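Take a look at the structure below.
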Protein chains: 2
Amino acid sequence: MPKDNKAYAKCEKYYMQGKLFPDIRVGMMKVNLTPTVNRDEQGKPHMEQNEPVMIYDTSGPYSDPDYQVNLEQGLPRMRESWIEERREQMGQHMTQMACAKAGVITREMEYVAIRENMNCEALGINTHITPEFVRKEIAEGRAVLPANRHHPESEPMIIGRNFLVKINTNIGNSSTTSSIEEEVDKAVWSCKWGGDTLMDLSTGNNIHETREWILRNCPVPVGTVPIYQALEKVDGRIENLTWEVYRDTLIEQCEQGVDYFTIHAGIRLENVHLADSRLCGIVSRGGSIMSKWCLLKNRESFLYEHFDEICDIVAQYDVALSLGDGLRPGCIADANDAAQFAELDTMGELVVRAWAKDVQAFIEGPGHVPMNKIRENMERQLDHCHEAPFYTLGPIVTDIAPGYDHITSAIGAAQIAWLGTAMLCYVTPKEHLSLPDKEDVRTGVIAYKIAAHAADIAKGHPGATVRDNALSKARFEFRWRDQFHLSLDPERAQQYYEEAGHTDGEYCTMCGPDFCAAKLTHDLRKLKKEKIV
Amino acid sequence: MPKDNKAYAKCEKYYMQGKLFPDIRVGMMKVNLTPTVNRDEQGKPHMEQNEPVMIYDTSGPYSDPDYQVNLEQGLPRMRESWIEERREQMGQHMTQMACAKAGVITREMEYVAIRENMNCEALGINTHITPEFVRKEIAEGRAVLPANRHHPESEPMIIGRNFLVKINTNIGNSSTTSSIEEEVDKAVWSCKWGGDTLMDLSTGNNIHETREWILRNCPVPVGTVPIYQALEKVDGRIENLTWEVYRDTLIEQCEQGVDYFTIHAGIRLENVHLADSRLCGIVSRGGSIMSKWCLLKNRESFLYEHFDEICDIVAQYDVALSLGDGLRPGCIADANDAAQFAELDTMGELVVRAWAKDVQAFIEGPGHVPMNKIRENMERQLDHCHEAPFYTLGPIVTDIAPGYDHITSAIGAAQIAWLGTAMLCYVTPKEHLSLPDKEDVRTGVIAYKIAAHAADIAKGHPGATVRDNALSKARFEFRWRDQFHLSLDPERAQQYYEEAGHTDGEYCTMCGPDFCAAKLTHDLRKLKKEKIV
């Protein structure tokens, strides 16, 4: 609902060029702000410019007005030429980790360095994040840049605790609850609101085709849990799962372009019984499948036994491994128990094996954990998993709020991210109750953008407060449109404001025109300026 | 939407009797749970009883089916005879603090001891909260039991860091946005969802009449900011505010039954200028009014100068003082600055003066504070304010999410409550944008019940996890109705579940029947029991 009585903030797609690689163009949103109007003693206005603010943008080409959406054709294959050039120069395909270890800075690495720092240069903010720093973090396993060479549509991003905290969103139909179109629509929607990666957890029919549509149209890295499709292939009969079926599924998904796989290889036969005394048993689907397989066969899981082969396969595509927490606690009573930590320790062993094959890897964690037990998770993960990035679901800090678990978990997520978790898996209001619809995805993403950003601020990420400060200045100066454009959800903010009948008033809407504290502060400052007080 | 194919959980109003005072009856909700059905090898069912769970209930008589609501008549005046008996025994009216210092345990003190411990006795949980402990905490100023003797309708509750974390909700019309009926309706509504106290922040017309209706029908303590009404009396002209107008307003509101007053006596003439360099100036209404008064007159505020007289007045009614944070930060850039902490230090001086007159008092705090600056607030408050209870707005941990500030602030609230804040002032999704409607009140209250409860768990409050564990057991055993009844918002949980077409299925609704981790765990446990694996 644009109004014509005020100068307008303008939000536009903007591209920043590379320096090492001048052909790379990093997309972002540029929020151009209206000027502050100061008045002198005669009431004559003087304009004070407000610097534009760059916003990290996960929506890819969809937010570029020059881009024509064509789902059949898919997104532009931006990274295709980068990958090909690199293969020519290096004689073979190499993972980002292999390049990093060899001292090679890739285009992807410079891309993420620019992306992480977007306000720093213009505002003169010091930053530790250079392309060389990115390379070093990847080489040493502290960061992951998921980038299957068969998913060249994906824009590079980085997951590591010395970078911006990222969020993952889950989509996916279960049985027959939704169509392919709906899932692609949800994928694009989650990127629009700020999802950094996307997990497709579909388990129903058309699993291959759904994933193909998502991959070809998704501007962020895509993760999957391959055991779901493998189980479909054996008609849901866990006892019929074999390494061969699983291996073929991995290759199929590598070929399609999946950027990271959740693999529950941390489940050991000897540890499964540790969940027996739990209040809520095993709540991870992959974890329960593999636990049952181990017990039915009375043998070590094929994921653990064939872990090196898994690494050999994924290394050929630069698919990253997300070591799945099959034994994560499903209620606060089960938090930090022997089952959970035994698996974490196994993951620490596996991550070293992945790195030995130049495979990028990170570690999945939490679930339900009360606040007083969060720190132990993070410290144990850093200690036992050699600083591989931690990727946690929430944690949910109390079990008593079904319908509001985006909030119970955003509370835990903000804390664990501040302590060092690199990526947060979102939770929607429908968690525990049903699958999320589009509004739930939006709400879940925003709740997690809040948690991630709160952690970025607390950790002192370079330039993290630029947006907060610009928004607060706009708020204080009643530049409402600027405030909305700088918000995580401009549409919602504007909607609430306008529904109440407000229209660019110079008072804050909580207090009304007569009792507005901000207005009184302005009055005071004016009185002081005029030396009346 | 009750269904008839399952045994039902039953939620009922329950009263627990006093021991020191057998005539007191403490209202609570009793959630009777359905049994767990175990089956032996022949499939024969065996019932395992699940103990009922008691839930702290702020809704007062409204949730008692035997109570006939009559807004004209008001709620039963439960405490009237207690107050009268005490006056007869002690020769005069004495505040809860005066009684406590004299070693007298009041009915109110036993009431809150029962209320804080409701699951402990039945479940054999050790608790430190005895009536004597309550007395001692009040005597030493670490806890406040707000209980104006002119508000006998209010059910006793306690605010202190060694008790359950409480939440306050704000209602109140600004100018002409809502009617008296709407405000009373919102008050009852906020108590239904779990508001422990209620602040009436009305600033418009009918301020006295609105408050009268709220007080006579409100089962929780009511707070106000008397300067708002005082300012109405001088037609909004700050320069015309006087001690006399303010004093008369205090007396008027004491007589009506207000249980606590926010008084911005921490604003000192010499400190007002500290807010000059702020990004967002002064964002408290009361703070900006008093600051302007000080500057216009170039003198110390009448609240500070007459603080001892204020204490003398409120002591006669046992109205508690909430020392208002007029200089709380309105954006994260202003957090923990000299203005904020100068005021906090002044409040530490004032609280000692209140205690000297047996006036109960607590300290208001935060606003916008990034996570890394929360701890400093709490530590400084404990240190400078002599362990008087801390009562904080949020804090909001990032400024960039208007429309979602119930979440930005629940993140901060959970943390500061864990660190020792006794009461949290809720924030609704409409914060910064407009006034909350009923749905916003509900959402804000639930977000804050989550934050408070998460802190109770983290602090190890006796029995804090009873409800979590009962709910999680119900969830794991697919006792859906039990799960809903144990939820903070049973209606919302059930709605989400049923909208998705679910009806008491024995699978978790995220995964569907084929891939349900909880179901697989049950299968596994069955296999183990039958010695198949």
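When reading the values below, keep in mind they use all heavy atoms of this one structure, side chains included, and skip hydrogens, waters and symmetry mates. By convention in this document, chain letters (A, B, ...) are assigned in the order of the sequence lines, proteins followed by strands, and residues within each chain are numbered from 1. Predicted, not measured: the structure shown is a model, and the values here were computed from it.
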Inset, instruction - Return yes if some donor-acceptor pair links the side-chain N/O of B:D399 with the main-chain N/O of B:I332 below 3.5 Å, else return no. - result: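 Checked: pair present.
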
Legend entry - Check: A:T408 main-chain N/O paired with A:D405 side-chain donor or acceptor under 3.5 Å: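 No: the side chain of A:D405 does not pair with the backbone of A:T408.
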
Inset, instruction - Let me know if A:D523 has heavy atoms under 4.5 Å from chain B in its side chain, its backbone, both or neither. - result: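 For A:D523, side-chain heavy atoms alone lie under 4.5 Å from chain B.
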
So which part of [X] gets closer than 4.5 Å to some heavy atom of chain A, the side chain, the backbone, both or neither?
X	answer
B:H522	neither
B:P429	both
B:A455	both

Output the option from [options] having the highest count of non-hydrogen pairs under 4.5 Å with chain B.
options	value
A:L486, A:I407, A:D440	A:I407
A:I374, A:V272, A:I282	A:I282
A:D456, A:T465, A:N298, A:T398	A:T398
A:K449, A:R525, A:R467	A:R525
A:G287, A:A500, A:A333, A:A493	A:A493
A:D468, A:L488, A:I446, A:I411	A:D468

Legend entry - Under 3.5 Å side-chain donor-acceptor pair for A:Y404 and B:T443: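 No - no donor-acceptor pair under 3.5 Å links their side chains.
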
Inset, instruction - Verify side-chain contact (heavy atoms from CB on, under 4.5 Å) between B:I457 and A:V397, making sure each step is shown before the conclusion. - result: CA-CA 9 Å; B:I457 294 170; A:V397 296; over 6 Å; no

Legend entry - B:R475/A:E431 salt bridge by N-O under 4.0 Å criterion: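 Between B:R475 and A:E431 there is no salt bridge, as every charged N stays at least 4.0 Å from the carboxylate O atoms.
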
Legend entry - Ion pair check, B:D437 and B:K430, cut-off under 4.0 Å: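 Looking at B:K430 together with B:D437, the answer is yes, because their closest N to O distance falls below 4.0 Å.
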
Legend entry - Most contacts with chain A, counted as non-hydrogen pairs under 4.5 angstrom, among B:L471, B:D276, B:I450, B:I400: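 The option with the most such pairs is B:I400.
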
Legend entry - Residue among B:G281, B:A275, B:A470, B:C331 with most heavy-atom pairs under 4.5 Å to chain A: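 Between B:G281, B:A275, B:A470, B:C331, the count favours B:G281.
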
Legend entry - Exercise: identify the closest heavy-atom pair between B:S288 and A:L520: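 Of all heavy-atom pairs spanning B:S288 and A:L520, the closest is OG-CD1, 3.1 Å.
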
Inset, instruction - Please examine the side chains of B:Q483 and B:Y497, heavy atoms only from C-beta on, and report whether any two atoms are closer than 4.5 Å. - result: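 Counting from C-beta outward, B:Y497 and B:Q483 never come under 4.5 Å.
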
